[in-house]
Visitor: 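There's a structure below that I have some questions on.
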Protein chains: 2
Amino acid sequence: MSVTIKDIAEKANISYPSVSRALSGKPGVSEETRKKILKIAEEMNYQPNALARSLVQNKSSTIGLIIPDILNPYFPEIAKGVEDEAHINELSVFLCNSDWDDTRERKYIDKLLAKRVDGIIIFPTSKRNISEIRRKAGSDLPIIILGGSYAEEGSVSIAIDDVLGAEISVVHLLDKDYRNLAFIGGKSGLSSVDDRLEGFVAGHKKFGLEVSLEMIVESELTFNGGYTAMNELLDRGGQPGAVLAENDVIAMGVIQAIRTRGLKIPEDIAVAGFDDIPMASMTGIDLTTVRQPKYEMGKMAVLELKALLDKEIYSKVNKRLVLKPELIIRKTS
Amino acid sequence: MSVTIKDIAEKANISYPSVSRALSGKPGVSEETRKKILKIAEEMNYQPNALARSLVQNKSSTIGLIIPDILNPYFPEIAKGVEDEAHINELSVFLCNSDWDDTRERKYIDKLLAKRVDGIIIFPTSKRNISEIRRKAGSDLPIIILGGSYAEEGSVSIAIDDVLGAEISVVHLLDKDYRNLAFIGGKSGLSSVDDRLEGFVAGHKKFGLEVSLEMIVESELTFNGGYTAMNELLDRGGQPGAVLAENDVIAMGVIQAIRTRGLKIPEDIAVAGFDDIPMASMTGIDLTTVRQPKYEMGKMAVLELKALLDKEIYSKVNKRLVLKPELIIRKTS
DNA sequence: TTGAAAGCGCTAACAC
DNA sequence: GTGTTAGCGCTTTCAA
């Protein structure tokens, strides 16, 4: 059993509320007794019990981070931003990996709510679960939504302009005279997929071009997803002039599929991605992509969360932070 | 304020301990009342308070995961293993990113202890902090140490045989007639660095070769670290025949440095890494490397933790799980 | 400055 | 099967 403030109080011949005051730096104890108590606590190897403290204070100094795929380098970057900023603000973070699974995501939400987190930062798997959280959480929990245009009453959302991002990418490709572009992305229903597809179409429109439906391919949002989708596309005989992938990891799979067939990038097929994950800039890859300020987004998320917590406005807010995407042109286009 | 079991009890005209029994599936309530209570709980949008429960049960169903660098793809893979297995076992995980910083690591340990985690899984920044945790944690906290040969009383360690891994890699390079090998790794004091260096020397010995000290270069354990270290080595004029990098991320930096100078891999310089992160197998990279079962290691860590928890042996244990490394030969050697 | 008392939301032991 | 009581470790009134 671990040491409690009562144990310390006994040893110091003082009441335990005084020990509490001394340890948490509150006024109401003389400097003398405070020092004495601090010393005894140290000697006894006292570890405060944050659970008990949270229970009475009704705040846990803990936040939940729900991301869909920690293996996609995009998310660790966000996670690091979250973690760094949380650490600065003395918050602990629960890591939840939803695996793009709706049900699992909901389970995590329940868990986090039970653990009485002070707020939730979520990169949602679908639009549906968002209102679900808001409902379950009641009105007193800050929710920060990452990476998508989710306008939900009672939350702050942070994302780049996905439509614009895809559009400038497509315009760049068409400018360079690539034609017959393909879009390889995830299932409809995910905000980023829908928005980027919208930008894909918008970019074409600027050139007076139509998008053909066969050139829009659904895939898992992973390396293998991109690899498989690209192979299917090529098997079908429809060789595109360029491919816009919904994210960089998919783009990597696309590149792998193209190269495995002995085709050259960008001579035979150009490729562009989304996110600008670290490996995109590697020699040997050199992927053209739309950069997102991932680390900063993670930091912002915690900062916004803190702001809500301080102001205690929680659910009355409905703020959308839209960041500017930046096209990074490299050798694959 | 949120709904409590007392609120439910009131509404159901029953005592609140009965509500507790009903909700946690314990015997002592009739099926009838249980159903009734479950229904009311649902209606009132009841969220159990895990903090209160943890306080009385003296267990939090929460574990801490301390890793040094979530941006290195090696660690997300481990984290995913941990997270998946934790999720299966109804455990939540606190993510802590130590950034290879001793002090920060110690802060996290204190935080986790305060939050009364049921156990800690740590990839330590140095050998020193290990005994520190054991001391602070007292005798009743399971500690699982990842990625290094840390024999510490009262813990389970899980790692591949780093010495052997480096040795088979060096033997492979020497077999292929590469000579004048360089080792680029982190600071001494980190178990994996020391052990891999030992294997580096051992491999040479098998060929009756000596290692020259100028060929052992210290670097940050990152892409930039590898990039900088390799450039320094080349600037010095000492062009190695091959480079063994302490990990794949460093190897990527090394590759970048070599290619930026217009040198060819493996014709001019061969490169081998450690870990087998996903991008190592990308066309355009094709890195020869020593594979670690990262995901499995993460899962094992939780499983071992659970086992300690169930047996309540905690600190009396001293178990070392040494896994077999596997050399994956690709085009960089 | 200090102590006494209450209570955060829950579980567990015991009595009925 | 159900209610009563106590208590987990802490903070926070309120008196002294």
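The basis for the numbers below is simple: all heavy atoms, side chains too, and nothing from hydrogens, waters or symmetry mates.
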Visitor: Just how far, in rounded Å, is P of C:dT1 from CD1 of A:Ile37?
Guide: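 Nearest whole value for this atom pair: 13 Å.
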Visitor: Is it true that A:Gln47 and A:Ser2 share a donor-acceptor pair across their side chains at a distance under 3.5 Å?
Guide: no
Visitor: Nearest whole angstrom, please: distance from the C1' of D:dG9 to the OH of A:Tyr46.
Guide: 8 Å
Visitor: Are B:Lys59 and D:dC8 close enough that a side-chain N or O sits under 4.0 Å from OP1 or OP2?
Guide: no
Visitor: Judged by modelled atom types alone, do B:Asn129 and B:Glu105 share a side-chain donor-acceptor pair under 3.5 Å?
Guide: yes
Visitor: What nucleotide among D:dG9, D:dT11, C:dG9 has an atom nearest to a side-chain atom of A:Arg53?
Guide: D:dT11
Visitor: A:Ile5 CD1 to C:dT2 C1': how many Å, rounded?
Guide: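 Atom-to-atom, A:Ile5 to C:dT2, this comes out as 14 Å.
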Visitor: Nearest whole Å is fine: how far is C:dC10 P from B:Asn58 CG?
Guide: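 About 18 Å, once rounded to whole Å.
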Visitor: Using heavy-atom distances to pick each residue's nearest nucleotide on DNA chain D, tell me which of B:Val29 and B:Arg116 is more 5'.
Guide: B:Val29
Visitor: Starting at atom NZ of B:Lys35, determine the distance to atom C1' of D:dG1, rounded to an integer number of angstrom.
Guide: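 Whole-Å distance recorded here is 17 Å.
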Visitor: Between C:dT11, C:dG3, C:dG9, which nucleotide has the shortest distance from any of its atoms to the side chain of B:Ser20?
Guide: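 Of all the options, the side chain of B:Ser20 is nearest to C:dT11.
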Visitor: Could you state the CD1-C1' distance from B:Ile8 to C:dC10, rounded to the nearest angstrom?
Guide: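 To the nearest whole Å, that distance equals 12 Å.
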Visitor: When you measure from the side chain of B:Ser24, which nucleotide among C:dA5, D:dT2, C:dT11 comes out closest?
Guide: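 Looking only at side-chain atoms, B:Ser24 lies closest to C:dT11.
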Visitor: Nearest-nucleotide wise, let me know which of B:Lys26 and A:Arg34 is further upstream toward the 5' end of DNA chain C.
Guide: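 Counting from the 5' end, the first nearest nucleotide belongs to A:Arg34.
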Visitor: Could you please name the option among D:dT11, D:dT4, C:dT2 that lies closest to any side-chain atom of A:Gln57?
Guide: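 Closest nucleotide to the A:Gln57 side chain: D:dT11.
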Visitor: From the options C:dT11, D:dT11, C:dA12, select the nucleotide whose nearest atom is closest to the side chain of A:Tyr16.
Guide: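 The nucleotide sitting nearest to the side chain is D:dT11.
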Visitor: From the list C:dC10, C:dG3, D:dC10, which nucleotide is the closest neighbour of the side chain of A:Asn49?
Guide: D:dC10
Visitor: Whether A:Ser15 contacts C:dA4 is assessed here as follows: a side-chain N or O lying under 4.0 Å from the phosphate OP1 or OP2. Is that the case?
Guide: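 Result: no.
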Visitor: For C:dT2, does either OP1 or OP2 sit under 4.0 Å from a side-chain N or O belonging to A:Ser30?
Guide: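 Checking A:Ser30 against C:dT2: at least one side-chain N or O falls below 4.0 Å of OP1 or OP2.
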Visitor: Tell me the closest heavy-atom pair linking B:Thr125 and B:Ser98, and the distance in Å.
Guide: OG1-OG, 3.3 Å
Visitor: Between C:dC10 atom P and B:Leu51 atom CG, what is the distance in whole Å?
Guide: 10 Å
Visitor: Would you say NZ of B:Lys136 has more than 12 non-hydrogen atoms from neighbouring residues, nucleotides or ligands within 6.0 angstrom?
Guide: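 Result for NZ/B:Lys136: enclosed.
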Visitor: A:Leu55 has an atom CG; how far is it from atom P of D:dT11, in whole Å?
Guide: 11 Å
Visitor: Whether the side chain of B:Arg21 and the base of D:dG3 hold a donor-acceptor pair under 3.5 Å is what I'd like checked.
Guide: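 Yes.
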Visitor: Tell me whether the OP1 or OP2 atom of C:dT1 has a side-chain N or O from A:Ser18 closer than 4.0 Å.
Guide: no
Visitor: Should A:Glu77 and A:Lys294 count as an ion pair when the cut-off is N to O under 4.0 Å?
Guide: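 No, A:Glu77 and A:Lys294 are not salt-bridged.
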Visitor: Under 4.0 angstrom, heavy atoms only, what part of the nucleic acid is A:Thr33 near: base, sugar-phosphate, or nothing?
Guide: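 Since only primed, P, OP1 and OP2 atoms lie under 4.0 Å of A:Thr33, the category is sugar-phosphate.
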Visitor: What do you reckon, is CD of A:Glu10 surrounded by more than 12 foreign heavy atoms closer than 6.0 Å?
Guide: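 Not buried by this count: 12 neighbours or fewer within 6.0 Å.
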